[in-house]
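Working notes, beginning with the structure itself.
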Amino acid sequence: MAKNKWFGTDGVRGIANEFPMTVDFALKLAMAAAEVVCNSKRKVAIAKDTRVSGDMLEAALIAGFTAMGVDVVRLGIIPTPAVTTFVSELDVDMAVMITASHNPYYDNGIKLIANNGDKFADEVTEKLESLIEQNNFIFDKNKIGKVEENYSIKEKYEQIALGMFDNKTKLQGIRIVVDCANGVFSEILPNVLLRLGADVFVLGNKPDGYNINRDCGSQHPQAMLEAIKANQADLGIAVDGDGDRIKVGDDKGQLIKSEQLMAFLAKFMEESGENKNRAFASTKLSNTALERYITQVLGLEYISTGVGERPVIKALKEKGGVIGGEESGHIVLLDYSKSGDAMMTFLKVLQGLAQIGKKASEIFPLFDDDFLYFENFKVQTNAKVKEIASKAELHELIEDLSSKISGHGRVVIHPSGTEPKIRVWVCGDDEDLVKEYGQMLWNKIELMSKEC
C-alpha cells in the first residue's frame, strides 16, 4: 500500500502560506503532476473556491504546469462536483480544484482529479510526493505552456440541474431557504432554484475571500434553520464552500440527517423505477438502522465502506450502484454527478417531495436511529494514534465484539487522518450492549495509550 506523507483522502490541505499550502509546494506539485500525469493531452484545467488564498495558489500551479510545457485552462470559481462531472469533456489530462471544502478561509487545499472525474489512487500521489522531494525537474526552453479561460462549465452544469424537472414538477410556490456558505454556490444554486420557479431566501451569498464557511453553510446550519421558521419556508439547504456537502432542514426548521436523506433518495428512486434495484453504499460510520432500512424495507444490497467519499464511489462503481454517501453530508448520485453534489442531491429531494405531495416534516424520519456510542479518544501525537491503532490486541478485541454484535450492530475504531485522536464508534439496536462495548474499547485504548 502506498504511504502518502502529504496527500490525505481528499488531496493536500493545510493553512495557506504554511507548508504544505505554500507557493513553493504548489509550484512543485504542478511540475510533478505535469511529469507523472500530463503525458497525453499536455493540458490541465484549474478551478477554485472563493477563499482569498485561491488566487495565490492558482498562480503557483499555473507557473508550475506551464514551466513544464503543459497548457492550462482556467475554469474560475466553480463547484467541485461541476469539475468532476465535466473534466472528461475538457480534453485535458487532469483537473485541479483549489479548495479546503468546509474549512475556514485561512485553510486551503489542492484536490487532483483524473480526466474521468475520479480522484487519483494513492500510488499516483506517492509518485508525486517522491518527485517533489527529489526536486530535480528538467525544463525545456522550447516547451512552455499557454493559459486560456473556459467558463462554459457553469451553464452546462446548470442545464443538468434544470433538466431534472419537467413541467409537472416545477417548484412554483415552494419557499426555500438557501445558505450558500459564501462559497462556490453563491450564484449558481439560487439562480437554478429561481429559474425553476421557487421563492428563494438566500443567505451566505456575498463571498469576500474571508467569510467562506464562517458561521454559515453546512457546518453551521442554525442560521438556515432559523430562516426557515422566520420565512415560513417549506425547506432549507446549507452547502459547504466547494459545494460537495449538504445539510437540509424541514418545514419546521428541524435538521434532517443525511442518512435519512440517503434513505429517502433510495426509496424514491427505487419506487420510481430509476434505481432499478441497484446497490446502495455508505460508510462504516453510518447508523446501523440505515443498513436495516435499505436491506429489509427496500430490499437493496447495502455496501459498508471505509470512511470518506472516495471508498463510497469506488464501491458503487464496482457494484453498479448510483446512490450512496456518509452522514457528514457527502451524498452521491452518480447518474447526475461524479462526486458528492449538494445541488443535485437537493434537487432530487425536491423532486421526490413534489411527486409525493407531502411536507418534509410529514415524511422524515423514515426510520428511528439505532443507539450510538461515539467518542473521540485524544492522544499526544499522530504517530501515537498509528501505534495504538496497529496493536494486535486491539484488533482482536474489535473482532471479538464485532462477532458478538453481528446482525444487530457494528463496532468501529477509526484513527483520524488529520488529528491526534481515535474515534470509538459502536452502533446497534441494544442500548446496553452498545454502551458496554463502547466503554470496553475506550478502556482498552486508554490502557494502551499509557503503555505506549
Side-chain angles (χ1 to χ4, degrees), residues 81 84-85 117 157 159-171 174 176 192-193 196 198 234-235 237 239 243-248 250 256-283 286-287 289-305 309 311-367:
T84 60
T85 299
Y157 183 58
Q159 286 302 319
I160 289 181
L162 295 170
M164 292 174 67
F165 288 79
D166 56 29
N167 291 330
K168 295 180 181 179
T169 54
K170 289 284 180 70
L171 303 178
I174 297 180
I176 301 173
V192 166
L193 293 172
L196 288 170
D234 298 293
L235 214 60
I237 172 176
V239 303
D244 62 0
R245 189 179 296 228
I246 181 176
K247 294 293 179 180
V248 175
D250 70 12
I256 303 171
K257 288 188 174 183
S258 297
E259 291 158 345
Q260 295 285 336
L261 293 174
M262 289 187 280
F264 175 77
L265 290 168
K267 181 177 186 293
F268 167 57
M269 292 173 68
E270 183 64 26
E271 291 178 348
S272 68
E274 185 176 352
N275 186 57
K276 300 176 182 177
N277 203 37
R278 290 180 286 185
F280 176 98
S282 191
T283 77
S286 288
N287 195 281
L290 172 65
E291 178 176 358
R292 193 160 55 250
Y293 183 86
I294 295 297
T295 57
Q296 297 182 14
V297 177
L298 300 184
L300 301 176
E301 180 183 359
Y302 181 96
I303 311 164
S304 182
T305 76
E309 181 187 82
V312 170
I313 294 174
K314 182 174 183 291
L316 288 174
K317 288 186 175 181
E318 289 176 350
K319 290 286 188 174
V322 293
I323 310 169
E326 53 183 345
E327 177 54 33
S328 63
H330 291 120
I331 298 179
V332 179
L333 296 173
L334 291 183
D335 281 346
Y336 300 93
S337 184
K338 293 184 178 180
S339 59
D341 190 324
M343 182 168 71
M344 298 303 176
T345 296
F346 187 63
L347 292 175
K348 201 65 184 175
V349 170
L350 284 169
Q351 189 183 71
L353 291 174
Q355 291 194 15
I356 293 170
K358 291 184 178 181
K359 294 181 178 181
S361 62
E362 297 172 333
I363 296 174
F364 296 101
L366 293 176
F367 56 84

If every non-hydrogen atom of [X] is compared with every non-hydrogen atom of [Y], which pair is closest and at what distance?
{"X": "Thr305", "Y": "Pro311", "result": "CG2-O, 3.8 Å"}
{"X": "Ala266", "Y": "Ile294", "result": "CB-CD1, 3.9 Å"}
{"X": "Val312", "Y": "Ala281", "result": "CG1-O, 4.0 Å"}
{"X": "Val239", "Y": "Ala342", "result": "CG1-CB, 3.5 Å"}
{"X": "Leu334", "Y": "Gly321", "result": "CD1-O, 3.8 Å"}
{"X": "Gly299", "Y": "Asn277", "result": "O-OD1, 3.8 Å"}

Is the backbone N or O of [Y] less than 3.5 Å from a side-chain atom of [X], with the two atoms forming a donor-acceptor pair by type?
{"X": "Gln260", "Y": "Lys257", "value": "no"}
{"X": "Ser272", "Y": "Met269", "value": "yes"}
{"X": "Ser258", "Y": "Glu327", "value": "yes"}
{"X": "Gln351", "Y": "Met164", "value": "yes"}
{"X": "Glu270", "Y": "Leu298", "value": "no"}
{"X": "Thr295", "Y": "Leu300", "value": "no"}
{"X": "Glu326", "Y": "Ser286", "value": "no"}

Does a side-chain heavy-atom distance below 4.5 Å link [X] with [Y]?
{"X": "Phe264", "Y": "Ile356", "result": "yes"}
{"X": "Ser282", "Y": "Met262", "result": "yes"}
{"X": "Tyr336", "Y": "Asp341", "result": "no"}
{"X": "Tyr157", "Y": "Met343", "result": "yes"}

Review point. Partners of Lys319 by salt bridge (charged side-chain N to carboxylate O under 4.0 Å, His left out), sequence neighbours excluded?
Key: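 Once residues adjacent in sequence are excluded, the partners of Lys319 under the salt bridge (charged side-chain N to carboxylate O under 4.0 Å, His left out) criterion are Glu301.
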**Study point:** Contacts of Glu259 that satisfy salt bridge (charged side-chain N to carboxylate O under 4.0 Å, His left out) - sequence neighbours left out
**Key:** none
Which distance, rounded to the nearest 0.5 Å, do you find between the [atom1] of [X] and the [atom2] of [Y]?
{"X": "Ile246", "Y": "Phe346", "atom1": "CD1", "atom2": "CZ", "value": "6.5 Å"}
{"X": "Leu196", "Y": "Leu350", "atom1": "CG", "atom2": "CG", "value": "8.5 Å"}
{"X": "Ile363", "Y": "Phe268", "atom1": "CD1", "atom2": "CZ", "value": "10.5 Å"}
{"X": "Met344", "Y": "Ile331", "atom1": "CE", "atom2": "CD1", "value": "14.5 Å"}
{"X": "Leu265", "Y": "Asn275", "atom1": "CG", "atom2": "CG", "value": "10.5 Å"}
{"X": "Ile256", "Y": "Leu235", "atom1": "CD1", "atom2": "CG", "value": "6.0 Å"}

Practice item. Kindly determine whether Val192 and Leu347 satisfy side-chain contact (heavy atoms from CB on, under 4.5 Å), including the steps that lead there. Key: CA-CA 10 Å; Val192 166; Leu347 292 175; 4.2 Å; yes
Point to revise | Electrostatic pair Asp335:Lys348 at N-O distance under 4.0 angstrom | key: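 Looking at Asp335 and Lys348, the cut-off is not met.
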Check your understanding: Would Leu316 and Ile323 satisfy side-chain contact (heavy atoms from CB on, under 4.5 Å), going step by step from the backbone distance to the final call?
Key -> CA-CA 7 Å; Leu316 288 174; Ile323 310 169; 5.7 Å; no
Practice item. Return the orientation label for the Phe280 and Tyr302 ring planes: parallel under 30°, perpendicular over 60°, tilted otherwise. Key: parallel
Check your understanding: Would the number of heavy atoms belonging to other residues, nucleotides or ligands and lying under 6.0 Å from NZ of Lys359 be above 12?
Key -> no
